[in-house]
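Nothing here was measured: the structure is a model prediction, and the numbers come from that model. Chain letters run A, B, ... following the sequence lines, proteins first, then strands; residues in each count from 1.
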Protein chains: 2
Amino acid sequence: MRRPQQVRAEGLPERVTIYEVGPRDGLQNESAIVDVAVKAEFIRRLVEAGLTTVETTSFVHPKWVPQLADAAELLDQLDLPAAVRAPVLVPNERGLDRALAAGVREIAIFASATETFAAKNLNSTLDDQFAMFTPTVERALAAGLSIRGYVSMCYGDPWEGDVPVDQVVKVGARLVELGCHELSLGDTIGVATPGQVISLIESFGQAGVGVDKLAVHFHDTYGQALANTLTALREGVTTVDSSAGGLGGCPYAESATGNLATEDLVWQLDGLGIETGVDLEKLVSTSTWMAEQLGKPSASRVVQALAG
Amino acid sequence: MRRPQQVRAEGLPERVTIYEVGPRDGLQNESAIVDVAVKAEFIRRLVEAGLTTVETTSFVHPKWVPQLADAAELLDQLDLPAAVRAPVLVPNERGLDRALAAGVREIAIFASATETFAAKNLNSTLDDQFAMFTPTVERALAAGLSIRGYVSMCYGDPWEGDVPVDQVVKVGARLVELGCHELSLGDTIGVATPGQVISLIESFGQAGVGVDKLAVHFHDTYGQALANTLTALREGVTTVDSSAGGLGGCPYAESATGNLATEDLVWQLDGLGIETGVDLEKLVSTSTWMAEQLGKPSASRVVQALAG
C-alpha cells in the first residue's frame with residue numbers, strides 16, 4: 001500500500017492524540033441503523049489499528065438518536081484494553097446514570113456556542129444549558145470521571161451566521177470552570193478558515209484556557225477541515241477529533257458532508273513525521289469494511305484512493 | 001448565499017493569482033467529450049466570475065486527448081477581454097504552430113520530474129524531453145510568447161514512489177533556464193504533505209528559482225490539496241492552480257479525484273481576506289451549470305454545500 005513520504009516541518013508537535021469520533025458522532029449522523037455487533041467489531045478494529053481514544057456511543061434518549069439506542073448493550077459487548085480511553089456522550093443526569101451503570105470512566109457533554117442551536121438542539125438557552133450541565137458534571141466528578149466539553153458552532157451557525165469569538169470563549173471557559181478537563185472546539189457546519197482558528201485559540205489563551213486543554217473538531221462541509229487542523233497544530237493544539245472513513249455529518253448543516261476523515265488526517269501526520277500510533281493500512285481496511293456494512297462508499301479520500 | 005467570515009492571519013500574501021485549469025486540465029481528464037459551444041460558455045462564465053488567468057485548451061494531438069480536439073475552433077469562438085490571460089498547453093513544435101496560428105500569446109509546456117512518467121506520458125526520458133522543449137520554447141520566445149513550465153510528479157509517482165527533491169529542482173531549473181517565466185509544481189497523484197511542500201520550495205530557492213517564479217498545483221486524491229496550498233502560501237507562493245468545480249483528475253493516478261477545486265480555494269482565501277478578484281457566487285453558479293452539462297455532481301465541497 002502507498003504511504004506518504006516522511007518530511008518533517010518546523011513548528012509542529014512531535015505527537016498528536018487522535019480522538020476518534022466515528023462510532024458516536026459518525027454513526028449518530030448516518031441514516032442507517034447499524035447492528036450492535038457491527039459497532040462492537042468496528043470499535044475493536046479501530047483500537048486494533050492503534051487508536052487510543054474512541055468515543056464509543058451516546059446515552060442520549062433513543063427518541064432523539066435511535067442510531068445509538070443500543071448504548072448499554074454495546075458497552076456490555078466491548079472488552080477494550082485498559083489503556084484505551086472510551087468516553088461516551090451524556091446529555092444530562094439521566095444519561096450519566098446510564099453511563100455510570102455501564103461502568104464508563106470518561107464522559108463528554110455537548111454545549112452550544114449559539115442561542116439558536118441551544119434552542120434547537122438542547123431546547124435551552126446559552127445560559128440555561130449550564131443548569132443541565134452543572135449537576136451532571138458535579139456528580140460525574142464526584143464519581144471520579146473525566147469530562148470533555150464539546151463546544152459546537154464555534155465558527156458559524158446555520159441561522160445566526162458569524163459567531164462572536166467572545167461568546168464562544170465564554171461558553172468554553174465556563175465548561176472548564178465547571179470541571180471539564182478538555183474542550184473540543186467544533187466547526188459543526190464546516191465553514192471556518194485559518195484566521196478564525198488562530199483567533200479562537202488565541203482568545204481562549206487570553207481567557208486562561210491554554211492549548212493543552214483544547215481539542216479541535218472540524219467538519220469538511222466546505223473542504224476546509226484538514227487545512228484548519230494544520231493551522232491548529234501550528235498553534236500548539238495536540239488533540240484532534242476525526243472520524244474513521246469520514247463517517248457522519250451534521251443534520252443541521254447545509255450538506256451531508258461529515259467529519260474530517262481520520263485517514264486523511266493520518267496521511268498528513270504520517271507525512272509530517274508526527275506520531276499518532278495509528279497503522280494506516282489497518283485503519284483503511286477497517287473503514288473499507290465499515291463502508292460495506294453501510295452500503296455506501298467512504299467519504300475519506302485516502303480510503304477511496306487506497307481501497308480502489 | 002453563505003460566505004466565510006473574514007479573519008486575517010499573519011504571514012500570508014495580500015493577493016493570490018488563481019490560475020484556472022478547469023477547461024484544460026479538468027476537461028482533458030473527464031471521460032465526457034464536451035461540445036465546443038459549452039466549453040466557450042464555460043470559459044466566458046469563468047472570466048465573468050473574475051478569474052483573470054484561464055488555461056483554455058491544449059494543442060496536443062487529438063489522438064492522445066480527444067476531449068480537446070476542438071482547440072482551434074474553441075479559441076476561434078472565444079472573445080475574451082484583453083486583460084485576461086488565456087494560455088494554452090502545447091506539447092511540441094507542431095502544437096506551437098497551431099497555437100501561433102490561433103493567435104495565442106501565452107503557452108504552457110508539460111515536463112515530467114520522473115523517468116517513468118516521462119516514458120509513459122511523453123514517450124521520452126528525463127533528459128530527452130528537453131530535446132522536444134528546446135526548439136518549442138526558443139521559437140515561442142522569438143514570437144514574443146510567455147511560457148509556463150509544468151513540472152509533474154513533483155512529490156511522488158505511481159511507479160517510482162518517492163521522488164528526490166534534487167531531481168525535481170533540476171528539471172524545473174532547466175525549464176527556467178530555457179526561458180519559462182513560471183513553473184507550476186504539480187502533485188500529479190495528490191500524495192504530498194506540508195513538509196515536502198516546504199522542502200521543495202526552499203530547494204528551488206537555493207537553486208536560484210524564487211517563489212515569484214513558482215506556482216503550486218495540487219490534486220486532492222488523498223484530501224491534502226488545500227492544506228498543502230496553505231503551506232505554499234506561507235512560504236510566499238502567490239500563484240495557485242485550481243479547477244472550477246474540481247473538474248478532472250489524472251488518468252495515471254490511483255483514483256479519479258481531481259484538481260483542487262477553485263471554489264474550495266476561494267472559500268479559504270476569502271475567509272483569510274486574501275484578494276483574488278473572484279466572485280464566489282458566480283463561480284459556484286458556473287460550476288453547478290457545468291456539472292449539469294457533464295451529468296455528474298461537482299467534486300467541489302463548496303459547490304456541493306452551496307448548490308444544495
Of the listed residues (Leu12(B), Thr193(B), Asp270(B)), which shares the most heavy-atom pairs with chain A below a 4.5 Å separation?
->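 The option with the most such pairs is Thr193(B).
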What residue, out of Ala192(B), Ala261(B), Gly223(B), Pro194(B), has the most heavy-atom pairs lying under 4.5 Å from chain A?
->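 Answer, by heavy-atom pair count under 4.5 Å with chain A: Pro194(B).
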Going by distance alone, is a donor N or O of one side chain under 3.5 Å from an acceptor N or O of the other, for [X] and [Y]?
X         : Y         : answer
Tyr19(B)  : Glu55(B)  : yes
His219(B) : Asp187(B) : no
Glu20(B)  : Thr262(B) : yes

Could you look at Thr231(A) and say if it's the side chain, the backbone, both or neither that has a heavy atom under 4.5 Å from chain B?
->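 Just the side chain, heavy atoms under 4.5 Å.
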Side chain, backbone, both or neither of Leu230(A) within contact of chain B (heavy atoms, under 4.5 Å) |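 For Leu230(A), side-chain heavy atoms alone lie under 4.5 Å from chain B.
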Is any NZ, NE, NH1 or NH2 atom of the basic residue among Lys296(A) and Glu30(A) found under 4.0 Å from an Asp or Glu carboxylate oxygen of the other?
->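 Yes, Lys296(A) and Glu30(A) are salt-bridged.
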Does CD belonging to Gln293(B) count more than 12 external heavy atoms closer than 6.0 Å?
->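 Above 12, so yes.
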Any chance you could measure Gln167(A), atom CD, to Asp162(A), atom CG, to the nearest 0.5 Å?
->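 One gets 11.5 Å once the value is rounded to the nearest 0.5 Å.
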Structural part of Val163(B) lying under 4.5 Å from a heavy atom of chain A |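 Contact with chain A is through the backbone of Val163(B) alone.
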Ile198(B), part contacting chain A, at a heavy-atom distance under 4.5 Å =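 Contact with chain A involves the side chain of Ile198(B) alone.
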Interface residue of largest heavy-atom contact number with chain B, from Gln6(A), Gln224(A), Glu10(A), under 4.5 Å =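 That would be Gln224(A).
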So which of Gly190(A), Gly271(A), Pro4(A) has the largest heavy-atom pair count under 4.5 angstrom toward chain B?
->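 Of the options given, most contacts go to Gly271(A).
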